[in-house]
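The next block holds one structure in the form of structure tokens; read it before the comments.
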Amino acid sequence: MESKDDSGGLRCLVTGASGYIGGRLVPGLLEAGHRVRCLARTPEKLRDYPWAGEAEVVKGDVTDAESLSAAMHGIDIAYYLVHALAAGPGFERTDRQAARIFGEQAKAAGVRRIVYLGGLTPGDVPVRELSPHLRSRAEVGRILLDSGVPTTALRAAVIIGSGSASFEMLRYLTERLPVMITPSWVSTRIQPIAVRDVLRYLVGSAHMPAEVNRTFDIGGPDVMTYREMMQKYAQVAGLPRRLILAVPMLSPGLSSHWVGLVTPVPASIARPLAESLRYEVVCHEHDIADYVPDRPGQPFSFATALSLALQRVREARVTTRWSSASVPGIPSDPLPTDPAWAGGSLYTDVRERDVDAPPQALWRVVEGIGGDNGWYSFPLAWAVRGWLDRLIGGVGLRRGRRDAQRLRVGDSLDFWRVEEIRPGRLLRLRAEMRLPGLAWLEMYVEGGEDGRSRYRQRAVFHPSGLLGHAYWWGVSPFHAVVFGGMARNIALAARRRATGGRR
């Protein structure tokens with residue numbers, strides 16, 4: 001018997017709710033009539049999601065047994081959608097530990113089912129020979145299946161949806177390179193799947209019978225090479241056919257840097273994707289349909305998945321992106337806001353300007369910053385800083401924005417992340433580029449007299465070691481041009497907006 005709440009739905013715990021899949025699964029579960037509790041290390045990141053008022057959010061971490069035990073209380077279905085790839089070289093050990101704790105706490109709390117989304121692995125390759133990413137995904141699945149809690153372990157290859165890392169990689173490679181020399185993995189067979197089908201299987205798995213404890217391969221109806229996927233993308237997007245030349249000498253490491261230079265996906269994320277594409281990843285069964293039946297037209301074809309993703313991008317309706325999760329190595333310490341902060345050196349650059357525009361017009365400029373709108377000062381300097389960041393393994397400047405007009409806490413914004421937003425008043429960004437320290441950029445909007453407003457901008461840097469101090473003093477001569485110009489041009493843009501484009 002399934003345990004249900006008073007409304008008739010199941011009680012579901014979702015980990016990784018701020019990530020690409022988790023952020024889309026929560027509204028799907030709510031729409032299906034379930035009650036949802038989200039586990040988050042930083043609950044504030046979920047504050048501005050459209051579904052935030054309908055789901056319970058609790059603070060915790062999958063590696064912290066105590067917080068996980070509390071989060072599991074009263075739960076029927078626990079979704080495991082986290083992985084420690086962003087944790088760096090020790091991610092396999094962290095993944096292993098987290099999966100064991102999750103399984104133990106789920107069993108202790110009487111959870112009826114664990115649902116896990118992992119990676120599709122080739123059947124003819126020994127586990128020890130798989131890439132670290134795929135090997136860890138497979139190991140997590142085995143740990144959860146052996147936890148004593150009935151587990152549904154879904155295995156997917158390439159997930160195609162607006163904002164997914166796989167889709168963004170495919171999109172930018174195809175759009176930017178009409179002629180390309182590619183790694184040999186473009187000839188490997190793959191079975192991609194639409195994100196809508198992934199979500200449908202995840203939601204439907206909540207109702208599986210108690211005796212089911214196994215893996216399921218999930219994929220779309222098309223099996224194709226990556227070369228064929230790029231050509232199909234070109235066709236669906238209305239682009240000329242691409243000339244693709246495969247060469248064997250590009251290793252996963254080299255090809256990940258190649259992907260990082262051409263697409264917004266940094267090398268740190270491109271590498272596990274590239275390593276996974278070295279193997280043929282094709283479904284060996286479609287037993288999931290026995291428990292989550294497919295309707296006519298499901299699962300979606302690759303062409304349909306592309307069309308749906310492109311439509312979302314063009315209509316600026318991308319709800320979550322691959323960059324929704326934090327970047328490897330980026331700490332989450334709060335901004336030291338106390339002027340007498342005693343945590344060490346703290347450098348600031350403050351700019352203030354009176355603006356001949358109402359606060360509403362100024363705020364629209366502030367909230368629209370970054371992405372295609374740029375940073376309102378010395379574009380070449382910002383571009384060079386972005387390229388330098390990518391060359392040393394950072395995210396660079398090309399992540400853009402999830403939405404062209406609106407921001408929410410947790411959004412990635414080029415090489416920044418939105419740490420705080422108070423509509424109409426404050427936008428605080430945390431730097432995610434590679435730096436010898438921590439950096440923030442704050443933009444304040446204040447009301448003035450006679451319909452005018454005041455703009456205040458503050459850059460904050462907390463150096464790490466001698467290199468951090470040298471970095472600040474090395475770039476400080478450029479602050480007048482970069483930060484001063486930024487404040488001046490934001491004020492001008494707000495005035496133009498308020499006057500309908502007139503100076």
Side-chain angles (χ1 to χ4, degrees), residues 20-21 24 81 115-125 127 129-131 133-135 137-138 141 152-171 173-174 182-202 204-205 214-236 244 246 252 255 259 265 270 272-310 322:
Y20 178 73
I21 294 294
R24 300 186 181 208
L81 302 175
V115 182
Y116 165 64
L117 177 62
L120 187 59
T121 56
D124 57 348
V125 178
V127 172
E129 295 180 14
L130 293 174
S131 69
H133 171 64
L134 283 181
R135 187 169 61 234
R137 299 288 77 213
T152 302
L154 304 179
R155 308 194 313 167
V158 172
I159 297 177
I160 300 298
S162 60
S164 75
S166 297
F167 173 73
E168 293 290 285
M169 190 169 105
L170 175 69
R171 172 189 172 199
L173 285 176
T174 309
T182 63
S184 57
W185 48 251
V186 297
S187 300
T188 304
R189 294 202 315 157
I190 306 161
Q191 191 164 351
I193 183 171
V195 68
R196 297 191 185 200
D197 286 313
V198 173
L199 295 170
R200 179 168 59 86
Y201 292 139
L202 284 169
S205 293
R214 53 163 292 186
T215 64
F216 292 91
D217 293 353
I218 58 173
D222 303 301
V223 176
M224 54 209 312
T225 66
Y226 203 83
R227 182 199 306 269
E228 291 169 335
M229 289 169 62
M230 287 192 284
Q231 298 291 13
K232 177 59 70 173
Y233 180 94
Q235 178 184 339
V236 172
I244 303 170
S255 60
V259 170
V265 181
L273 292 176
E275 287 179 332
S276 301
L277 293 171
R278 293 164 53 200
Y279 312 103
E280 179 173 289
V281 278
V282 176
C283 297
H284 300 286
E285 41 83 10
H286 189 56
D287 296 348
I288 188 69
D290 295 338
Y291 303 97
V292 187
D294 297 320
R295 297 172 183 166
Q298 295 176 335
F300 291 109
S301 69
F302 179 68
T304 301
L306 286 178
S307 296
L308 291 169
L310 282 170
W322 61 269

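Any value given below was found using the heavy atoms of this structure, including those in side chains, with hydrogens, waters and symmetry copies removed. Keep in mind the model is a prediction, meaning the values are calculated, not measured.
Between Leu120 and Ile190, the closest side-chain pair of non-hydrogen atoms is not below 4.5 Å. For the pair Leu154 and Ile288, the minimum side-chain heavy-atom distance is below 4.5 Å. With a 4.5 Å cut-off on side-chain heavy atoms, Ile159 and Pro192 do not count as touching. Between Tyr233 and Met229, the closest side-chain pair of non-hydrogen atoms is not below 4.5 Å.
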Derivation of the side-chain contact (heavy atoms from CB on, under 4.5 Å) call for Arg200 and Phe300: CA-CA 11 Å; Arg200 179 168 59 86; Phe300 291 109; over 6 Å; no

As a quick check of understanding, evaluate ring pair (Phe, Tyr, Trp, His ring centres under 6.0 Å) for Tyr201 and Phe216, giving each step before the final call. CA-CA 10 Å; Tyr201 292 139; Phe216 292 91; 9.2 Å; no

Using the rule given for side-chain contact (heavy atoms from CB on, under 4.5 Å), can you reason through Val158 versus Leu170, listing the C-alpha separation, both sets of side-chain angles and the distance that settles it, and then say yes or no? CA-CA 10 Å; Val158 172; Leu170 175 69; over 6 Å; no

As a quick check of understanding, evaluate salt bridge (Lys or Arg N to Asp or Glu O under 4.0 Å) for Lys232 and Asp222, giving each step before the final call. CA-CA 11 Å; Lys232 177 59 70 173; Asp222 303 301; over 6 Å; no

Residues Asp197, Ile218; criterion side-chain contact (heavy atoms from CB on, under 4.5 Å); working and verdict: CA-CA 9 Å; Asp197 286 313; Ile218 58 173; over 6 Å; no

For a side-chain contact (heavy atoms from CB on, under 4.5 Å) check, start with the C-alpha distance between Thr215 and Tyr116, then their side-chain angles and the critical distance, and finish with the verdict. CA-CA 9 Å; Thr215 64; Tyr116 165 64; over 6 Å; no

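With values rounded to the nearest 0.5 angstrom, Ser162 atom OG is found 8.0 Å from Arg196 atom CZ. Taking CG of Leu173 as the start and CE of Met230 as the end, the distance is 6.5 Å to the nearest 0.5 Å. Between the CD atom of Gln235 and the CG atom of Leu306 there is a distance of 10.0 Å, given to the nearest 0.5 Å.
Distance alone, capped at 3.5 Å, is enough to place a donor-acceptor pair between the Arg135 side chain and the Leu130 backbone. A side-chain donor-acceptor contact under 3.5 Å links Tyr279 to the backbone of Ser131. For Asp217 (side chain) and His284 (main-chain N/O), a donor-acceptor pair under 3.5 Å exists by modelled atom type. Formation of a donor-acceptor pair under 3.5 Å by the Arg227 side chain with backbone atoms of Ile244 is found in this model. Within the 3.5 Å criterion, the main-chain N or O of Thr225 finds a donor-acceptor partner in the side chain of Glu228.
Considering all non-hydrogen atoms of both residues, Val292 and Gly204 come closest at CG2-C, 3.7 Å. Considering every non-hydrogen atom in both Cys283 and Gly219, the closest pair reads SG-N, 3.5 Å. Contact detail for Pro299 and Asp294: the closest heavy-atom pair is CD-OD2, 3.7 Å. Of all non-hydrogen atoms in Pro293 and Gln298, the two that sit nearest each other are O-OE1, 4.5 Å. The two atoms that bring Gly220 and Gln191 nearest to each other are O-NE2, 2.7 Å, heavy atoms only. Nearest approach of Thr152 to Ser205, heavy atoms of both residues: CG2-OG, 3.6 Å.
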